[in-house]
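Start at 1 and go down the list; that is how both ligands and their atoms are numbered.
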Amino acid sequence: MADEVTTTPIVLWLRRDLRLGDNPAMLAAVRQARERGATLLPVHVWEPRSRRAWAPGGAARWWLWRSLASLDDDLRRLGSRLLVERGDPAEVVAALARQAAAPAVVWSAGLDPDETVDDGALRSALAAADIEAVVIPQANLLAAPLATRTRDGRPYSVFTPFWRARLAAGAPDEPLPAPAALPPAPDPPPGLGLAAFEAEAAPPWSAGFGEVWRPGERGAHVLLESFLSGPLAHYATDRDRPDLDGSSQLSPHLHWGELTARQVWHAVEGTLSEAGLDLEAAIRPPNWDEEQAPGLRRSSGAVLRQLGWREFAHHLLAAFPHTPAEPLHERFAAFPWRDDPAALEAWRRGRTGFPVVDAAMRQLWTSGWMHNRARLLAGSFLVKDLLLPWQEGAAWFWDTLVDADLANNTLGWQWVAGCGADAAPYFRVFNPVTQGRRFDPDGAYVRRWVPELAGLDTRHLHAPWLAPAEALADAGVTLGETYPEPIVEHGEARLRALAAYEAVRTR
Ligand SMILES: Cc1cc2nc3c(=O)[nH]c(=O)nc-3n(C[C@H](O)[C@H](O)[C@H](O)COP(=O)(O)OP(=O)(O)OC[C@H]3O[C@@H](n4cnc5c(N)ncnc54)[C@H](O)[C@@H]3O)c2cc1C
């Protein structure tokens, strides 16, 4: 190890791994800096929205800015700081390394197709400048996206065999510790401060986000701990209920890499073992679904299985990089979607007249997040009841979700539309009334997000147009004035959707 610290830095490019703990790229950069007696320059490149279709959307930028601020605080506690620059990440990082005469740039390999392209561009630019590129495998998936393949070497297109194969490959590695201290940043560090991006991180609808979320690594661990000590025990039964806080809500933290999937995995395993239970028995199908299994074991298997869906989504995106914009199954490219801007706007604003769909869309708008069951119902309503393209839904989610994630969003939307891998059968058209009654039985979800219906008796809450005039009057509801009439008749819409799907199916 070199004794003297020079001002020449090792550049550490932090893209979506905004954490100190379990961060192999950070540990590798620290090691390089110590060995060479160099400083360490951690940098994030803030991308202009116009740079590419899947640059972070409005709500995601709200999150990202705060996550970067939190990371900067954490880096400062260890004697470093975060540099934030603007532009094309590969160009900016390469220019920075050249100007600082850095011997090496260290980063975690990209996950999304665009990120992989950026990786290639940065490698080339660094090679041309004779700077070493140290690309560390991603730690934010349990395994590399394409590490698991079928026997004949193809990607999986069905979840259960994929997950079975992943589990057979063994438990993920133990998470790595955070560095105890960091080499200093070069003095004075060049570049823009985070304040330069604050205006871009405040979309007009984000005023309420701060009441719900605490972006950053510390917030992620607080949330994980409270999930493990509370909702986890009932996750298997409560996770499908949007009226209960039954799921972890860790999705934005996982997306931004403030927490890794293997940290969640090992934390769940730790909770099980404290209760004297065995992870093995929780994860092997069909045990995860055993009705008679102890609640905690079954619930642990269920939450790890959701991490499995996340792995599957990344597997599919890596294997089929065109799917964020195009259906996996080609015959759906000719699907007879409608063009109806008024209906699309009603859906976006939560004014369809179907309470559970409207609650879902308003939860999204107000909090930047939507419960999984609600995503399924709102998504199904868009593509089946309204017969509007799933890509419109994916684009709206991309702009309004704090957890907007290209792999998960693509999988979710193609699942709902029935055009992706292991997707919902086309003939399954969710009925928003019966689904509302089933998953929001007391109406708490609708009352919370659609307050103009709050006074309506639960019997009528999910179908106010069927309520007797007296019940509506007692609740202060005037359909078409205080709350919309349904914008479609579900029975007719269902038949229209089935006919459209049938036409494509038989092509
Ligand atoms: C139309 C549609 C769009 C979606 N868009 C996104 C998105 O942009 N970003 C996103 O993270 N998830 C998306 N999902 C998946 C899922 O709805 C969310 O991951 C989940 O609601 C997050 O809540 P949670 O953290 O409480 O999940 P939990 O139930 O606590 O699950 C733990 C973690 O597992 C992962 N996970 C859970 N369910 C899924 C799933 N079905 N697919 C992939 N990963 C999953 C998430 O990382 C989640 O944080 C979408 C689903 C649908 C149907």
Check: At a non-hydrogen distance cut-off of under 4.0 Å, which region of Val264 contacts ligand 1 (side chain, backbone, both, or neither)?
Finding: neither

Next item on the list: Among Phe397, Trp390, Phe332, find the one that has a ring-ring contact (aromatic ring centres under 6.0 Å, His included) with Trp413.
Entry: Phe397

Next item on the list: Flag the pair Arg494 and Asp385 as a salt bridge only when some basic side-chain nitrogen lies within less than 4.0 angstrom of an acidic carboxylate oxygen.
Entry: no

Notebook entry, point to check: Ring centroid separation for Tyr445 and Phe439, is it under 6.0 angstrom?
Noted result: no

Check: For atom 2 (C) of ligand 1, what's the nearest protein heavy atom and its distance?
Finding: Gly412 CA, 3.7 Å

Next item on the list: Specify side chain, backbone, both or neither for Phe397, according to which of its non-hydrogen atoms lie closer than 4.0 Å to ligand 1.
Entry: side chain

Item checked: Salt bridge flag under 4.0 Å for residues Asp440 and Arg447 -> no

Notebook entry, point to check: Any idea which protein heavy atom is nearest atom 23 (O) of ligand 1, and the distance to it?
Noted result: Trp369 CZ2, 3.2 Å

Check: Does some non-hydrogen atom of Gly379 fall short of 4.0 Å from ligand 1?
Finding: no

Notebook entry, point to check: Heavy atoms only: which of Ser247, Gly308, Ala407, Ser380 is nearest to atom 26 (O) of ligand 1?
Noted result: Ser247

Note to self: Taking the basic N atoms (NZ, or NE/NH1/NH2) and the acidic carboxylate oxygens, is any pair closer than 4.0 Å for Asp442 and Arg437?
What the structure shows: no

Next item on the list: Around atom 19 (O) of ligand 1, find the nearest protein heavy atom and jot down its residue, atom name and distance.
Entry: Ser251 CB, 4.1 Å

Item checked: Salt-bridge present (Arg448, Asp243; N to O < 4.0 Å) -> no

Next item on the list: Using heavy-atom distances, let me know which of His371, Met370, Arg310, Arg375 sits nearest atom 6 (C) of ligand 1.
Entry: Arg375

Check: Can you find an N/O atom of Trp413 closer than 3.5 Å to an N/O atom of ligand 1?
Finding: no

Notebook entry, point to check: In the protein, what heavy atom is nearest to atom 36 (N) of ligand 1, and what distance, to one decimal place, separates them?
Noted result: Gln306 O, 3.5 Å

Next item on the list: Just need the protein heavy atom nearest to atom 8 (O) of ligand 1, so name the residue and atom and give the distance.
Entry: Asp405 N, 3.0 Å

Next item on the list: Check whether any heavy atom of Tyr235 sits under 4.0 Å from an atom of ligand 1.
Entry: yes

Check: Of the protein's non-hydrogen atoms, which lies at the shortest distance from atom 40 (C) of ligand 1, and what is that distance?
Finding: Trp309 CB, 3.9 Å

Note to self: Does Asn140 form a side-chain contact (heavy atoms from CB on, under 4.5 Å) with Asp17? I'd like the steps, not just the answer.
What the structure shows: CA-CA 8 Å; Asn140 199 7; Asp17 39 2; over 6 Å; no

Margin query: Give me the residue, atom name and distance of the protein heavy atom closest to atom 9 (N) of ligand 1.
Written below: Asp403 O, 2.9 Å

Item checked: Nitrogen or oxygen atoms of Asn372 and ligand 1 under 3.5 Å apart -> yes

Next item on the list: Without swapping roles, check the side chain of Ser367 against the backbone of Leu364 for a donor-acceptor pair under 3.5 Å.
Entry: no

Notebook entry, point to check: Ion pair present between Arg61 and Glu198, side-chain N to carboxylate O less than 4.0 angstrom?
Noted result: no

Item checked: Arg52: side chain to side chain donor-acceptor pair (under 3.5 Å) partners, not counting sequence neighbours -> Glu47, Asp114

Check: Between the candidates Leu232, Leu376, Asp245, Asn409, which shows the shortest non-hydrogen contact distance to atom 4 (C) of ligand 1?
Finding: Asn409

Margin query: Using a plain distance cutoff, I'd like to know if Arg239 has any nitrogen or oxygen under 3.5 Å from a nitrogen or oxygen of ligand 1.
Written below: no

Next item on the list: Select the closest option to atom 25 (O) of ligand 1 among Leu254, Leu307, Asn408, Leu250, judged by heavy-atom distance.
Entry: Leu250

Checklist line | Residues Asp358 and Arg351 bridged, charged N to O under 4.0 Å | finding: no

Notebook entry, point to check: Is Ala404 in contact with ligand 1, taking contact as a heavy-atom separation below 4.0 Å?
Noted result: yes

Note to self: I'd like to know whether CZ of Arg438 has more than 12 heavy-atom contacts from other residues, nucleotides or ligands below 6.0 angstrom.
What the structure shows: no

Note to self: Using 30° and 60° as the class boundaries, would you call the ring planes of Phe159 and Phe162 parallel, tilted or perpendicular?
What the structure shows: tilted

Item checked: Atom indices of ligand 1 within 4.0 angstrom of Ser248 heavy atoms, with elements -> 24 (P), 25 (O), 26 (O), 28 (P), 30 (O), 32 (C)

Checklist line | Gln249 to ligand 1, any heavy atom closer than 4.0 Å | finding: yes

